[in-house]
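Working notes for the structure below.
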Amino acid sequence: MNSNHTHAAPRRNVGDFDCSGEDIERDWLERTGCWSSVPRVLLTYDQVRAYGLPATEGKSGDPRWPAFAHRYGFDPTRPVQWEVEALEPAELQRLVLAAVDPYIDRDILARQATREEQQRRALEEFVGRWGTASERPS
């Protein structure tokens, strides 16, 4: 679906560091035409190195592997990949939140949190009355 309209709202990508994952941003732009860029939040080559993440066997036969291997200096005969899930959950959360934080409207977030709390209380009150005479069908 190509809307031919570029969104001002940012889109960020979180994905594995491999030849397929790296191609997601290009593919997204090409297929949608909605964004002028899709920056990768995770997982990048620098992050793989900085966190010392373990490599796993990559997808053999992926036609994107040779160029990916050449770009990063990997053995072109041995596909490898790094899973975003290899990051500690707390660090994964921190990195994602840091990437979206500049785009959060705190006033809207506060209003929504208040609304959700009101809905939660109303639901608890309703469940607390469940089965009583006032809640039975007439």
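No hydrogens or angles considered: a donor-acceptor pair under 3.5 Å links the side chains of Gln47 and Thr44.
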Show your reasoning for whether salt bridge (charged side-chain N to carboxylate O under 4.0 Å, His left out) applies to Glu125 and Arg121. CA-CA 6 Å; Glu125 185 180 312; Arg121 277 193 240 123; over 6 Å; no
Could you go step by step and tell me if Arg120 and Glu124 meet the salt bridge (charged side-chain N to carboxylate O under 4.0 Å, His left out) rule? CA-CA 6 Å; Arg120 186 189 62 74; Glu124 283 178 349; 2.5 Å; yes
Could you go through the side chain to side chain donor-acceptor pair (under 3.5 Å) check for Glu91 and Tyr51 one step at a time? CA-CA 10 Å; Glu91 184 63 3; Tyr51 291 99; 2.4 Å; yes
Which is it for Leu43 and Leu87 under the side chain to side chain contact (heavy atoms under 4.5 Å, CB included) test, yes or no, and what are the steps along the way? CA-CA 9 Å; Leu43 199 55; Leu87 279 169; 3.9 Å; yes
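Taking a cutoff of 4.0 Å between a charged side-chain nitrogen and a carboxylate oxygen, Glu30 and Arg26 qualify as a salt bridge. Using a 4.0 Å cut-off between charged side-chain N and carboxylate O, Arg49 and Asp46 make no salt bridge.
In this structure, CD in Glu25 is found 8.0 Å from CZ in Arg11, a value given to the nearest 0.5 Å. Between the CD atom of Gln112 and the CD atom of Glu116 there is a distance of 4.5 Å, given to the nearest 0.5 Å. Asp23 contributes atom CG, which lies 14.0 Å from atom CH2 of Trp28 (distance to the nearest 0.5 angstrom).
Shortest non-hydrogen contact noted between Arg78 and Trp65 is O-CZ2, 3.4 Å. Heavy-atom minimum distance, Ala86 versus Leu53: O-CD2, 3.8 Å. Taking every heavy atom of both residues into account, Val41 and Val96 meet most closely at CG1-CA, 4.4 Å. What you find for Asp16 and Glu83 is that their closest heavy atoms are OD2-OE1, 2.9 Å. Ala55 and Val80 get closest at one heavy-atom pair: CB-CB, 4.3 Å. Closest of all the heavy-atom pairs between Pro63 and Pro66 is O-CD, 3.5 Å.
Taking hydrophobic clusters as Ile, Leu, Val, Met, Phe, Trp and Tyr residues chained together by side-chain heavy-atom distances below 4.5 Å, Tyr72 shares a cluster with Leu42. When the side chains of ILVMFWY residues are joined at heavy-atom separations under 4.5 Å, either directly or via intervening members, Val84 and Val100 end up in two distinct hydrophobic clusters.
For Asp27, the salt bridge (Lys or Arg N to Asp or Glu O under 4.0 Å) partners are Arg31, not counting sequence neighbours.
Across Arg71, Gln81, Arg40, a single residue satisfies side chain to side chain donor-acceptor pair (under 3.5 Å) together with Glu22, and that is Arg71.
Contact annotation: the side chain of Arg64 approaches that of Ser20 to within less than 4.5 Å [non-hydrogen atoms, C-beta and beyond].
Within a 6.0 Å radius of CD in Glu57, other residues, nucleotides and ligands contribute 12 heavy atoms or fewer.
Although no hydrogens or angles enter the test, the distance criterion places no donor-acceptor pair under 3.5 Å between the side chain of Asn13 and the main chain of Pro39. With hydrogens and angles ignored, the 3.5 Å screen pairs no side-chain donor or acceptor of Trp35 with any backbone N or O of Leu29.
When hydrophobic side chains of Ile, Leu, Val, Met, Phe, Trp and Tyr are connected at separations under 4.5 Å, Ile108 ends up as a singleton with no cluster partners. Residue Tyr103 shares its hydrophobic cluster (ILVMFWY side chains chained together at separations under 4.5 Å) with no other residue.
With ring centers used as reference points, Phe17 lies under 6.0 Å from Phe68.
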